[in-house]
Amino acid sequence: MFIVRFLIRRLLQGALIVFLVSALIFTLLRVVPGDPVRLMAGGMAPEALIEEIAQEMGLRDPIYQQFARYMGGVIQGDLGQSFVRPASGAAVGGASFDDSTRAARAEVWDLIAQTVPMTLQLALLSMIFALVIAVPIGVMGGLRPGKWPDRLALYLSSVFISLPNFWLGIVLALLLSVKLNLLPAIGYEGFAYTILPALVLAVEIAPFIIRTLTVSVANVMGQNFIDIAAVRGLTRNQIIFRHALKNSAIPLLNLLGVQFSMLLGGVLVIEFIFDYPGLGRLTINAVMQRDFPLIQGIAIVTAAAFVLINIVVDLCATAIDPRLDY
């Protein structure tokens, strides 16, 4: 019964968040300078044609009418059609003149569905690399507060978080791809193309995991029940794995939920540098082309993913510690 009430409450809250995000993005896109119809019709198109297309698309209606019409489609599962991309999904200028789909507009759902698996693959691999790097360092630092493992964790966190991701991406691409020819760097022709951008993102995420684990493990190891466990005859390894790591997992779980949500939202800089065909690159192209429906669709899908991930994280945290009340 608790789970049912929890899900109903959180889903209602999530629906409100998605609605507010949609309203904010929708309004901002229509008050910033620039006319997407000009991009669609071409810079040399006469003003009369521009106005005719805009009227047909309803872009000259009041914003509240446009938003109501758009949300009516969203409720029915329709995120609209791209302003500039043909049904083949090609970017502006990417469709050939003999493309039979050139006159038809691509569905926003289809464009997002093509890129989400790529971003999901990148996000999962990044999280795996970050955990492999950060968990041993963070746990060691938490078990020996004030000593060299703790200082090492602090120094590494400081170094990692100080490295700009765009600079690190370029350096690793030059070193591992150009110089050593170990990994491919640009585009996507297989899973190997995910490794290099995932390493860059892992270095960016690892400092937060290291500091969270260091503080959490040190705090748990200082609790009274740890001393009681030692008196009961449990070995240090049993104390660490049965008690310390389990109780330190909840802050880490919350952090991973936030980080994973951000990765799913599209890592703009990294995907742009590596020309990785994910949600981030799609977002950059949509913004540059002023593709309103695509930008709005990405925002809605990202907000919904963020809400669902946080619900799953809270359920997992409750399963680990039933005392938690969400």
Side-chain angles (χ1 to χ4, degrees), residues 1-26 67 70-79 108-109 111-131 134-135 138 198 201-202 204-206 208-209 211-213 215-216 219-220 245-268 278-280 282-283 294-326:
M1 198 63 187
F2 160 75
I3 294 179
V4 174
R5 291 197 304 270
F6 170 81
L7 289 176
I8 292 175
R9 184 175 72 253
R10 293 300 298 271
L11 288 174
L12 289 175
Q13 293 173 353
L16 177 60
I17 292 172
V18 172
F19 175 80
L20 293 176
V21 169
S22 303
L24 178 62
I25 297 296
F26 193 94
F67 182 66
Y70 177 75
M71 290 307 296
V74 171
I75 292 174
Q76 299 176 41
D78 180 14
L79 294 179
V108 171
W109 263 125
L111 294 174
I112 295 176
Q114 292 170 9
T115 56
V116 164
M118 304 300 299
T119 296
L120 185 61
Q121 176 178 281
L122 177 60
L124 288 172
L125 190 60
S126 302
M127 296 301 297
I128 291 172
F129 285 162
L131 289 171
V135 169
L201 292 173
E204 185 177 355
I205 297 169
F208 302 100
I209 300 176
R211 294 312 302 163
T212 298
L213 273 178
V215 173
S216 299
N219 181 61
V220 172
L245 294 184
K246 179 180 178 181
N247 286 277
S248 302
I250 295 175
L252 176 62
L253 192 62
N254 291 326
L255 174 66
L256 292 180
V258 173
Q259 293 292 336
F260 193 69
S261 299
M262 294 175 62
L263 291 175
L264 286 185
V267 189
L268 306 183
L279 202 57
L282 183 67
T283 303
L294 185 53
I295 297 172
Q296 292 156 193
I298 293 172
I300 289 175
V301 170
T302 302
F306 186 87
V307 168
L308 293 176
I309 289 172
N310 276 275
I311 291 175
V312 172
V313 167
D314 290 344
L315 286 174
C316 292
T318 305
I320 294 173
D321 188 350
R323 296 172 299 175
L324 295 175
D325 183 14
Y326 290 101

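Side-chain atoms of Val21 and Phe306, non-hydrogen and from C-beta on, never get closer than 4.5 Å to each other. With contacts defined as side-chain heavy-atom distances shorter than 4.5 Å, the pair Thr119/Leu282 does not qualify. Residues Met127 and Ile205 are in side-chain contact: their nearest non-hydrogen atoms beyond the backbone lie under 4.5 Å apart. Ile311 places a side-chain heavy atom less than 4.5 Å from the side chain of Leu11.
From Asp78, atom CG reaches atom OH of Tyr70 across 8.5 Å, with rounding to the nearest 0.5 Å. Between the CG atom in Leu263 and the CG atom in Leu279 there is a gap of 11.5 Å [rounded to 0.5 Å]. For the atom pair CG (Leu12) and CD1 (Ile17), the distance works out to 11.0 Å, reported to the nearest 0.5 Å. Going from atom OG1 of Thr212 over to atom CG of Leu252 covers 7.0 Å, rounded to the nearest 0.5 Å. For the atom pair CG (Leu120) and CG (Leu125), the distance works out to 11.0 Å, reported to the nearest 0.5 Å. Summarising the geometry, atom CE belonging to Met71 is positioned 10.0 Å from atom CD belonging to Gln296; distances are rounded to the nearest 0.5 Å.
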What do the steps show when you test Asn254 against Ile250 for side chain to side chain contact (heavy atoms under 4.5 Å, CB included), and what is the final call?
-> CA-CA 6 Å; Asn254 291 326; Ile250 295 175; 4.0 Å; yes
Applying side chain to side chain contact (heavy atoms under 4.5 Å, CB included), run through Val74 and Val18 and close with a yes or a no.
-> CA-CA 11 Å; Val74 171; Val18 172; over 6 Å; no
Could you please spell out the steps behind the side chain to side chain contact (heavy atoms under 4.5 Å, CB included) verdict for Ile209 and Leu255?
-> CA-CA 7 Å; Ile209 300 176; Leu255 174 66; 4.0 Å; yes
Give the C-alpha distance, both sets of side-chain angles, the deciding distance and a yes or no for side chain to side chain contact (heavy atoms under 4.5 Å, CB included) between Met118 and Leu122.
-> CA-CA 6 Å; Met118 304 300 299; Leu122 177 60; over 6 Å; no
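Val307 and Arg10 make their closest contact through CG1-O, 4.4 Å (heavy atoms, listed as atom of the first residue, atom of the second, distance). When every heavy atom of Ala130 is checked against every heavy atom of Ala202, the shortest pair comes out as N-CB, 3.6 Å. Contact detail for Leu268 and Thr283: the closest heavy-atom pair is CD2-CB, 3.9 Å. Residues Leu79 and Gly297 come closest through the heavy atom pair CD1-CA, 4.0 Å. In terms of heavy-atom proximity, Phe260 sits nearest to Ala123 at CE1-CB, 3.7 Å. Contact between Ile309 and Gly257 at its shortest, heavy atoms only, is CG2-O, 3.6 Å.
No side-chain donor-acceptor contact under 3.5 Å links Ser126 to the backbone of Leu201.
Between Phe19 and Phe67, the gap from one ring centroid to the other is short of 6.0 Å.
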